[in-house]
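Have a look at the structure below before the remarks.
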Amino acid sequence: MRWWNNIMDNVKDGIRSWLSIQPANPKKINITETMDYESNAIKNRIWYRGDGGELEQLYSNLGINSARNNFWASKSSPGMEINK
């Protein structure tokens with residue numbers, strides 16, 4: 001049984017190296033930004049304008065697939081648009 005555990009440990013180590021998995025460091029926090037300063041400023045301008053069409057275009061073009069962004073990337077039902 002010991003040889004089986006050694007094989008499984010080797011497989012786990014191989015998968016970790018293939019996926020580039022780093023062990024967590026409890027004293028260090030890594031933050032990965034999705035946008036730089038200029039992109040974030042443009043996104044904030046669109047938000048402050050509050051136009052639903054612009055928000056829909058923004059989030060559909062960002063390519064971030066998460067549940068919270070799907071709301072802003074959705075389109076309104078036919079006949080429910082507000083004409084200005």
Just do the side-chain contact (heavy atoms from CB on, under 4.5 Å) check on Asn44 and Asn40 with the steps written out, would you? CA-CA 6 Å; Asn44 288 341; Asn40 198 27; 4.1 Å; yes
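For the atom pair Ser39 OG and Glu33 CD, the distance stands at 10.5 Å (nearest 0.5 Å). A distance of 11.5 Å separates CG of Asn10 from CD1 of Ile15, quoted to the nearest 0.5 Å.
A 6.0 Å sphere centred on CZ of Arg49 holds more than 12 heavy atoms belonging to other residues, nucleotides or ligands.
In the hydrophobic cluster analysis, where Ile, Leu, Val, Met, Phe, Trp and Tyr join through side-chain heavy atoms closer than 4.5 angstrom, Tyr48 is grouped apart from Leu58. When the side chains of ILVMFWY residues are joined at heavy-atom separations under 4.5 Å, either directly or via intervening members, Met35 and Tyr37 end up in two distinct hydrophobic clusters. In the hydrophobic cluster analysis, where Ile, Leu, Val, Met, Phe, Trp and Tyr join through side-chain heavy atoms closer than 4.5 angstrom, Trp3 is grouped together with Met8.
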